[in-house]
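Remember, predicted model here, so these are calculated numbers, not experimental data.
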Protein chains: 2
Amino acid sequence: MGSLDRSLIAGLPVFGGIAPTDLDRIIGQARSLRIAKDQPVFEQEKQADSFFLLLDGHVRVVKSTPDGHEVTVRYISPGELMGIAHALGLTTYPATAIAAVDCIVLGWPSRLWPTFAADFPSFGSNAYKAVGSRLQDAHSRVIEMSTEQVEQRVARGLLKLVKQSGKKTDEGILIDFPISRQDIAEMTGTTLHTVSRLLSAWENQGLVKSGRQKVMVVEPHRLLVIAEGRDEKA
Amino acid sequence: MGSLDRSLIAGLPVFGGIAPTDLDRIIGQARSLRIAKDQPVFEQEKQADSFFLLLDGHVRVVKSTPDGHEVTVRYISPGELMGIAHALGLTTYPATAIAAVDCIVLGWPSRLWPTFAADFPSFGSNAYKAVGSRLQDAHSRVIEMSTEQVEQRVARGLLKLVKQSGKKTDEGILIDFPISRQDIAEMTGTTLHTVSRLLSAWENQGLVKSGRQKVMVVEPHRLLVIAEGRDEKA
DNA sequence: GACGGAATTTGCCGCAGCGCAAATAAGATT
DNA sequence: AATCTTATTTGCGCTGCGGCAAATTCCGTC
């Protein structure tokens, strides 16, 4: 487990404006975890006894329906909080979080949440702002699902991933964790077949380069045109 | 404007556990508004200079997209907060709120939000729980849009309205504010035509009775069967 | 009680995209 | 290098539901 250092979290927006001694106190109560690829950080319906901060890696948050469908709610990037069920007034996790790659995570017992929020006002308000922006995101998703067609949603989904986790290469911008057609389908509300067809088509037009569990966006701008429906049915 | 009485808000969950003197202080800073049917309480993109509590009536919260689509985010019932943009870290309203009927509303200047949240912890935590449950709702909507078909979503939408604002009559449960096919379409992500077809079909089966701007659910249980997809294609 | 505007109903058509199924392809394993 | 597993591609048929358009009904209003 090793000794945890304040510098791990010092630069993060959620801990913005918190005194060094407080940071030490915060990190002193954390335990650090290594989560292997494809392993859960926490699971839907289980008691929410911890909340987490992703230090390194990428995590996919998935909600399962009773009838076996899975919907990807969001991807978590380093520096983001997750599993903050208690901030939402829940005692169980509303979704499952799966490591998309090997991850390093800090975890705190949920009972510390109220203390943190009260003792470190900027932590509390940052966290609630994060919740607020997730609410915005969720509403955007609803709107997209209501008003856009699949092609636009997939384009938008890829652009979101690019913005969040894009890594420049000399051939384009690579989404820097393994992602399957199925994963993309689950985050855009379609099927892997349709995603595959779209990617094939885009590959032919030189918009993207993709392969097994990887997607590289070559021409973000043209993808944006599609995402915004200004495509004129190319 | 008249004198505002503490009893107006004393029983409400958001103000649960707050001392009478504090309630007086809270209500002393409120102004009460009467909003006529079809008039906005607040509007998307505008400066969020107030937040509100609905005392009486029903309010529809709508988001408009740049390309002219409208999506109904939710309906607000008496006792609920609305326009709490600042709790989400926003300075403008993310949606427009329209009075579905004549409404009575309390409004406070947004600058009081931080004070309220800090001085009345139960107010703050109740409010954040409310935000949390809206986030849950939004995610449910996303999942429904991804995995269910229109018929199920419309059934589910009606049931939600029934639960929230249903008024028992001797013929069934009436949704007690005017609601058009178009409104239902905007909240379920479909078109008014499809809603009309569905309601007609359900009317023939004796599931609902509906008319101009009104819907009455006669057999909630059978509607639930449809909503849950346990319909076996009747 | 006739008129006008808005809401609703319904028929018909077309197609986006899903389901099914089978063929490949790309890694992983031994 | 041969084999196995998992991901991806692609063809084909079908259908849910959106788009268009026209008819009808309801309700407020003068």
Side-chain angles (χ1 to χ4, degrees), chain A residues 36-38 60 67-71 98 100-101 144-155 157-158 175 177-205 208-216 226 229 231-234, chain B residues 36-38 60 67-71 100 144-155 157-158 175 177-205 208-216 226 229 231-234:
Chain A
K37 177 166 157 36
D38 294 328
R60 181 163 39 101
D67 55 303
H69 279 103
E70 304 222 315
V71 174
I98 303 280
V101 295
E144 286 160 21
M145 298 287 301
S146 303
T147 64
E148 296 179 351
Q149 43 198 48
V150 168
E151 186 179 36
Q152 300 181 58
R153 300 205 306 267
V154 173
L158 289 185
I175 292 168
F177 52 84
I179 185 167
S180 69
R181 307 292 184 261
Q182 176 71 34
D183 292 333
I184 297 173
E186 284 177 7
M187 67 177 290
T188 52
T190 178
T191 63
L192 80 165
H193 305 275
T194 298
V195 171
S196 177
R197 282 182 252 266
L198 284 172
L199 286 182
S200 296
W202 291 341
E203 183 120 26
N204 290 335
Q205 299 173 235
V208 303
K209 280 177 189 284
S210 70
R212 194 189 178 86
Q213 309 246 67
K214 87 179 227 300
V215 178
M216 178 155 59
I226 293 174
D231 192 25
E232 308 303 338
K233 240 354 16 133
Chain B
K37 177 164 158 37
D38 294 328
R60 181 163 38 103
D67 54 302
H69 278 103
E70 305 222 316
V71 174
E144 287 161 19
M145 297 288 302
S146 302
T147 64
E148 298 180 349
Q149 42 198 49
V150 169
E151 185 178 36
Q152 299 181 59
R153 300 205 305 268
V154 173
L158 289 184
I175 293 169
F177 52 84
I179 185 167
S180 69
R181 306 293 184 261
Q182 176 71 35
D183 292 334
I184 296 173
E186 284 176 9
M187 67 177 290
T188 53
T190 179
T191 62
L192 81 165
H193 306 274
T194 298
V195 171
S196 178
R197 282 182 252 265
L198 284 171
L199 286 182
S200 296
W202 290 341
E203 182 121 28
N204 290 335
Q205 299 173 239
V208 303
K209 278 176 190 285
S210 70
R212 195 189 178 86
Q213 309 246 69
K214 86 180 228 299
V215 177
M216 178 155 61
I226 293 174
D231 192 25
E232 309 302 339
K233 250 328 51 163

Looking only at D/dA21, C/dG17, D/dT9, the nucleotide nearest the A/Gln149 side chain is C/dG17

Separation of D/dT9 atom C1' from A/Leu192 atom CG, nearest Å, is 10 Å

Taken to the nearest whole Å, CH2/B/Trp202 to C1'/C/dT9 is 16 Å

| Close side-chain approach of B/Thr188 and B/Val150, heavy atoms under 4.5 Å | no

From CG of A/Asn204 across to P of D/dT9 the rounded distance in Å is 11 Å

**Request:** Please confirm whether the backbone N or O of A/Ala100 pairs with a side-chain atom of A/Arg60, one donor and one acceptor, at under 3.5 Å?
**Result:** no

A/Lys214 atom NZ is separated from C/dA25 atom P, nearest whole Å, by 17 Å

Separation of D/dG19 atom P from B/His69 atom NE2, nearest Å, is 7 Å

The nucleotide from D/dA7, D/dC17, C/dG17 with an atom nearest the side chain of A/Val150 is C/dG17

OG of A/Ser210 to CD1 of A/Ile184, rounded to nearest 0.5 Å, is 8.0 Å

Of the candidates D/dG18, C/dC20, C/dT10, the side chain of A/His193 sits closest to C/dC20

note: A/Lys37, atom NZ; C/dA28, atom P; distance rounded to Å ~ 10 Å

Winner on side-chain proximity to B/Arg212, out of D/dC27, D/dT9, D/dG19, is D/dC27

A/Gln213 atom CD is separated from C/dA28 atom P, nearest whole Å, by 10 Å

A/Lys37 and A/Phe177, any side-chain heavy atoms less than 4.5 Å apart = no

Would you please confirm or rule out a distance under 4.0 Å between OP1 or OP2 of D/dT8 and any side-chain N or O of A/Ser196? no

To the nearest angstrom, the CD1-P distance between B/Ile184 and C/dT8 comes to 8 Å

Using only side-chain N and O atoms of A/Thr194, determine if any of them is under 4.0 Å from OP1 or OP2 of C/dG17. no

Give a yes/no on whether any side-chain N or O of B/Arg181 is located under 4.0 angstrom from OP1 or OP2 of C/dT8. yes

Checking C/dT9, D/dT9, D/dT8 against the side chain of A/Ser200 (C-beta onward), the nearest is D/dT9

Are B/Thr191 and D/dG18 close enough that a side-chain N or O sits under 4.0 Å from OP1 or OP2? yes

Would you mind reporting whether A/Trp202 and A/Val215 have side-chain heavy atoms less than 4.5 Å apart? no

Among D/dT10, C/dC18, C/dC12, the one nearest any side-chain atom of B/Arg197 is C/dC12

